[in-house]
Amino acid sequence: MAEEPVNVNGFRELARQTLPKMYYDFFTGGAEDQYTLKENEEAFHRITIQPKILVDMSSIDLSTMVLGYSISMPVMIAPTSRHKLANPSGEIATARAASTCNTIMVLSISSTCTLEEVAACCNAVRFFQLCVYKRRDITAKLVQRAENNGYKAIVLTGDSPRHGRREADIKNKIIIQELKNVEGLLSTKIVTDKGSNLDALANQTRDPSFTWEDIGWLKSITKLPILIKGVLTHEDALKALEVGAAGIIVSNHGGRQLDYCPPTISVLEEVVHAVGGKVPVFLDGGVRRGTDIFKAMALGAQAVLVGRPVLYGLAAKGENGVRRVLEMLKEELELTMALSGCSNVKEITRSHVRTKHDWQLLSLL
């Protein structure tokens, strides 16, 4: 019998033991050499924490505001696709765990439960992640369905004009079931003899011509706030402000799109400085510990989003596994705050961490 995990990394091994290799590879894999996938985690290891001691830590408050919604901790569930490959309950189990833990779930457009099913299953605050299809009318219908079903924001993925090259999926010749949200709207039966049908599906249905100028169209069809996901540079952060984004998610798609782009934590501060507090900045990619969340917040993130650990928890133990992953991260963050002298999330500041760049500057003094 497998040991009970003591941290979220333990759920990865349980997921490996539980899932067919093809599906485990699908969830764990990154693009090409997987440099960015590995660096997303490794880059956190190069940041140290500077604790403040002898501070009253008798009470610690992790609650956080995201777009006006109060959540129990600065951790949300990132949009990840096809949860039924991990567990038959799929996104419904994930949403219920989010609701139990009082946090926000971002539902992927490529979910294996419909957005209506997820909306009906619990009272979690939900955002809807959007990739724009060549058929703009279908995109518009999805946005309207999300709005009509109580989703509170649209998360526009901006880094996927084409599908990243995920070589494990190609080797495994992975075939994925049809997407529930576009059933009856868009044919997703793609036949290919070149390996993964995911590549063919994405490249035949997504609109590679969608640009910053088209955000105006998206804003015209919804009253929901729009967060832009995939920002990694100062320049794109400024463009997001110009088009009226309600928030920015610093993301490299979990290392699944462009390999050798930077790990997200390494460019977070650049984006935060560009935004200058005008809109909230969030981060995903490589978050595996409470210390990672603390570091991201010290560098200016309002909250983080967690993807793969949620899927590992779902694969290993269903809804309870997702809930336990979220609880573990919350417990670790609370301990990190206690040992660093922060009684609430607003007290986590830039002075609490040192990056590689900081150490280089100190060495010159």
### Task
Determine which pairs satisfy ring-ring contact (aromatic ring centres under 6.0 Å, His included) with at least one residue from residues 252-295, sequence neighbours left out, and list them in order.
Tyr35-Tyr260, Phe294-His352
Expected list for residues 226-239: side-chain donor-acceptor pairs under 3.5 angstrom, two or more places apart:
residue, atom, partner, partner atom, Å
Thr233, OG1, Asp236, N, 3.1

Smallest separation among heavy atoms of [X] and [Y], with atom names:
X: Ala296; Y: Ile265; answer: CA-CD1, 3.7 Å
X: Val182; Y: Tyr133; answer: CG1-CE1, 3.6 Å
X: Ala246; Y: Pro225; answer: CB-CB, 3.6 Å
X: Cys113; Y: Ser89; answer: SG-O, 3.8 Å
X: Val6; Y: Met328; answer: C-CE, 3.8 Å
X: Ala93; Y: Leu314; answer: CB-CD1, 3.8 Å

Contact check, side chains of [X] and [Y], non-hydrogen atoms, under 4.5 Å:
X: Val304; Y: Asp292; answer: no
X: Met22; Y: Leu85; answer: no
X: Leu311; Y: His83; answer: yes
X: Cys261; Y: Thr36; answer: yes
X: Thr336; Y: Leu339; answer: no
X: Met105; Y: Val322; answer: no
X: Cys121; Y: Arg96; answer: yes
X: Ser266; Y: Lys356; answer: no

### Message
Applying side-chain contact (heavy atoms from CB on, under 4.5 Å) to Phe210 and Thr139, what does each step give before you reach the verdict?
### Response
CA-CA 12 Å; Phe210 193 86; Thr139 304; over 6 Å; no
Taking the basic N atoms (NZ, or NE/NH1/NH2) and the acidic carboxylate oxygens, is any pair closer than 4.0 Å for [X] and [Y]?
X: Lys180; Y: Glu116; value: no
X: Arg323; Y: Glu327; value: yes
X: Arg46; Y: Glu39; value: yes

Do [X] side-chain atoms and [Y] backbone N/O form a donor-acceptor pair below 3.5 Å?
X: Lys295; Y: Ile47; answer: yes
X: Lys219; Y: Val243; answer: yes
X: Ser220; Y: Trp217; answer: yes
X: Arg308; Y: Gly254; answer: yes
X: Tyr151; Y: Leu107; answer: no
X: Asp358; Y: Thr355; answer: yes
X: Arg126; Y: Ala124; answer: yes
X: Ser340; Y: Cys342; answer: no
X: Arg12; Y: Pro309; answer: no
X: Asn252; Y: Gly285; answer: no

If you round to the nearest 0.5 Å, how far is [atom2] of [Y] from [atom1] of [X]?
X: Thr157; Y: Ile154; atom1: OG1; atom2: CD1; value: 11.0 Å
X: Asn102; Y: Ser63; atom1: CG; atom2: OG; value: 9.5 Å
X: Thr80; Y: Gln129; atom1: OG1; atom2: CD; value: 9.5 Å
X: Thr222; Y: Phe128; atom1: OG1; atom2: CZ; value: 11.0 Å
X: Ser343; Y: Asp61; atom1: OG; atom2: CG; value: 8.0 Å
X: Asn9; Y: Glu13; atom1: CG; atom2: CD; value: 11.5 Å

### Query
After noting the C-alpha distance and the side-chain angles of Val132 and Leu156, does the key distance pass the side-chain contact (heavy atoms from CB on, under 4.5 Å) rule?
CA-CA 8 Å; Val132 176; Leu156 176 68; 3.9 Å; yes
If you group Ile, Leu, Val, Met, Phe, Trp and Tyr by side-chain heavy-atom gaps below 4.5 Å, do [X] and [Y] land in one group?
X: Ile92; Y: Val325; result: no
X: Phe11; Y: Leu37; result: no
X: Ile249; Y: Leu241; result: no
X: Leu115; Y: Leu185; result: yes
X: Val279; Y: Met76; result: no

### Message
For Thr112, run the side chain to side chain donor-acceptor pair (under 3.5 Å) check against Lys84, Arg82, Glu91 and tell me which one passes.
### Response
Glu91
### Task
Could you verify whether a donor N or O on one side chain and an acceptor N or O on the other, from Gln257 and Arg166, lie under 3.5 Å apart?
yes
### Query
If we ignore angles and hydrogens, is there a donor and acceptor under 3.5 Å between the side chains of Ser251 and Asp284?
yes
### Task
Starting from the C-alpha separation in whole Å, work towards a yes-or-no answer on side-chain contact (heavy atoms from CB on, under 4.5 Å) for Ile104 and Leu67.
CA-CA 11 Å; Ile104 293 169; Leu67 298 188; over 6 Å; no
### Message
Could you walk me through whether Arg324 and Glu331 satisfy the salt bridge (charged side-chain N to carboxylate O under 4.0 Å, His left out) test, starting with their C-alpha distance in whole Å, then the side-chain angles of each, then the deciding distance to 0.1 Å, before giving a yes or no?
### Response
CA-CA 10 Å; Arg324 192 68 195 112; Glu331 290 160 6; 3.4 Å; yes
### Task
Check step by step if side-chain contact (heavy atoms from CB on, under 4.5 Å) holds for Met73 and Leu329.
CA-CA 9 Å; Met73 56 180 160; Leu329 291 172; 5.6 Å; no
#### Entry: Heavy atoms of other groups near Lys52 NZ, more than 12 under 6.0 Å
yes
